[in-house]
There are 2 protein chains.
Amino acid sequence: MGIVERKEREREEMRELILEAARKLFLAQGFDKTSIRNIAEAIEYSPATIYLYYKDKNELLYSLHEAGFQKMMKDFSIVEAIKDPFEKLITLGNQYLKFAIDNPELYDLMFIMDAPMETLSCREEAWDEGARSFEFLKITIAECIEAGHFKNTTDIENASLTIWSFMHGLLSLHLRKRMAFFEDDREMERIQNAFKLFIEMIKCTY
Amino acid sequence: MGIVERKEREREEMRELILEAARKLFLAQGFDKTSIRNIAEAIEYSPATIYLYYKDKNELLYSLHEAGFQKMMKDFSIVEAIKDPFEKLITLGNQYLKFAIDNPELYDLMFIMDAPMETLSCREEAWDEGARSFEFLKITIAECIEAGHFKNTTDIENASLTIWSFMHGLLSLHLRKRMAFFEDDREMERIQNAFKLFIEMIKCTY
DNA sequence: CAAATATAATAAACAGTGTTTAGTGAAAAT
DNA sequence: ATTTTCACTAAACACTGTTTATTATATTTG
């Protein structure tokens, strides 16, 4: 009898329905301003129903987390066509910048918000999507080292963390409005210039 | 008659009483977990009273903001005794790291949280405390350039933003638990190593 | 097929949140 | 002594995430 199969399928469809509604609302109006009741209303179910499919709001956030990493990895995949390792690294950086600026709410969720990281499942099974992205950076850097860059650096993980830190810092200062005191509206230009300078710094490193 | 003066003084004392209670609670249990009702209870007043002295919770957060910058600037002041500009910059970086790690809730409020930045007063009058800190970094970098570092860099503001971005990125990845997937407990060591590598990168930049 | 059971969905409640409003009692001014 | 001003608060408003007890329906069993 295929009843259990059908029920399982229906359950998965319901999970997807909730997640899709959540994503739309979250990306449209932000995470804080989206309530369980909003999501329930959007799918025309009672708020309590959502709790039959997701443990709590954090688990819902966390599911979007994974989708975000998948999207980012897809954006990254275009660099695989590039042969020159350093050119690859630069393009990877540009793709990271573009991803964050095009999907600010998603980037915020993945790298800035602290709510989803408090979920237990986080340290365990998942964020290996996050770890995989970091691995991608590590591989690219390893290729750069092999091609003669980062001459005095042997610790690939350290180099990766350093580069990630800079990129993330630049973006989160922007996303969390800490560059606002510059008062002009050349914020994008400033981001581009800082990125260029950092690239120069990497180039020079003997 | 000194009645208006006394009333003004009493008002200032009340503002201070509220702020002090808020700071204690915020730093002890975090910002999200501290409510207006908690603060009111601590000072033995009704929640509504707080609104007679502060427009809303954000204005309260924002007042702590300023105190945070003052504390940070005080921590920075020890570098003024250092003569060598580059040594000065390194120490400034170390002080910034130390401030963030010793005062995680304060750092979060000042540089990561988005709530206080939505306050109107923010873009205007204040965050000039923040701008002043950035100015301090700029001056230090200008001295480094004068002493022969950053040979190909003329844009001081860009160099400052680049350095700030790296420092902030490293710290916010740590504070927001995005380095947790490393799984070992050498997070502090990783932060130190990334900092050292970045210093090397600056040194090398022709 | 009818009775018993399992289950999906929900209304309502719980315990909290930031904030506003209407009203009270005491201090200050007339 | 009376009026006015003003600090203060109880209570309410409109929310929030989450849990519980209940109902209606679908499935299984006798």
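The sequence lines fix the lettering, A, B, ..., with proteins before strands; numbering per chain opens at 1.
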Practice prompt. Classify the ring geometry between Phe134(B) and Phe181(A) as parallel (under 30°), tilted (30 to 60°) or perpendicular (over 60°).
Written response: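 Taking Phe181(A) first and then Phe134(B), their aromatic rings stand perpendicular (interplane angle over 60°).
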Worksheet item: OP1 or OP2 of dA27(C) less than 4.0 angstrom from a side-chain nitrogen or oxygen of Arg6(B), does that happen here?
Response: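 Looking at the OP1 and OP2 atoms of dA27(C), neither is under 4.0 Å from any side-chain N or O of Arg6(B).
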Could you tell me how far apart [X] ([atom1]) and [N] ([atom2]) are, to the nearest whole angstrom?
X	N	atom1	atom2	value
Ile50(A)	dA11(C)	CD1	P	13 Å
Glu10(A)	dA26(D)	CD	P	11 Å
Ile18(B)	dA7(D)	CD1	C1'	12 Å

Quick test: give all pairs of protein nitrogen or oxygen and nucleotides 6-10 of chain C nitrogen or oxygen below 3.5 Å, distance rounded to 0.1 Å.
{"from": "dA9(C)", "atom 1": "OP2", "to": "Tyr53(A)", "atom 2": "OH", "distance (Å)": "2.5"}
{"from": "dT10(C)", "atom 1": "OP2", "to": "Ser46(A)", "atom 2": "N", "distance (Å)": "2.9"}
{"from": "dT10(C)", "atom 1": "OP2", "to": "Thr49(A)", "atom 2": "OG1", "distance (Å)": "2.5"}

Worksheet item: Of the options Phe136(A), Phe99(A), Phe111(A), Tyr62(A), which is the one that meets Phe69(A) in a ring-ring contact (aromatic ring centres under 6.0 Å, His included)?
Response: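 When Phe136(A), Phe99(A), Phe111(A), Tyr62(A) are each tested with Phe69(A), the ring-ring contact (aromatic ring centres under 6.0 Å, His included) holds only for Phe111(A).
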Item to complete: Indicate yes or no: does Arg6(A) engage Glu10(A) in a salt bridge with an N to O separation below 4.0 Å.
Response: yes
Practice prompt. Please answer whether the main-chain N or O of Tyr54(B) pairs with a side-chain N or O of Glu59(B) as donor and acceptor at a distance below 3.5 Å.
Written response: no
Worksheet item: Any chance the side chains of Ser35(A) and Asn38(A) put a donor and an acceptor closer than 3.5 Å?
Response: yes
Practice prompt. Please find out if less than 6.0 Å separates the ring center of Tyr96(B) from that of Tyr107(B).
Written response: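 Yes - the distance between ring centres of Tyr96(B) and Tyr107(B) falls below the 6.0 Å cut-off.
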Check nucleotides 13-17 of chain D for protein N or O atoms closer than 3.5 Å to its own N or O atoms and list the pairs.
{"from": "dT16(D)", "atom 1": "OP1", "to": "Ser35(A)", "atom 2": "OG", "distance (Å)": "2.8"}
{"from": "dG17(D)", "atom 1": "OP1", "to": "Ile36(A)", "atom 2": "N", "distance (Å)": "3.3"}
{"from": "dG17(D)", "atom 1": "OP1", "to": "Lys57(A)", "atom 2": "NZ", "distance (Å)": "3.0"}
{"from": "dG17(D)", "atom 1": "OP2", "to": "Ile36(A)", "atom 2": "N", "distance (Å)": "2.9"}
{"from": "dG17(D)", "atom 1": "N7", "to": "Arg37(A)", "atom 2": "NH1", "distance (Å)": "2.7"}
{"from": "dG17(D)", "atom 1": "O6", "to": "Arg37(A)", "atom 2": "NH2", "distance (Å)": "2.9"}

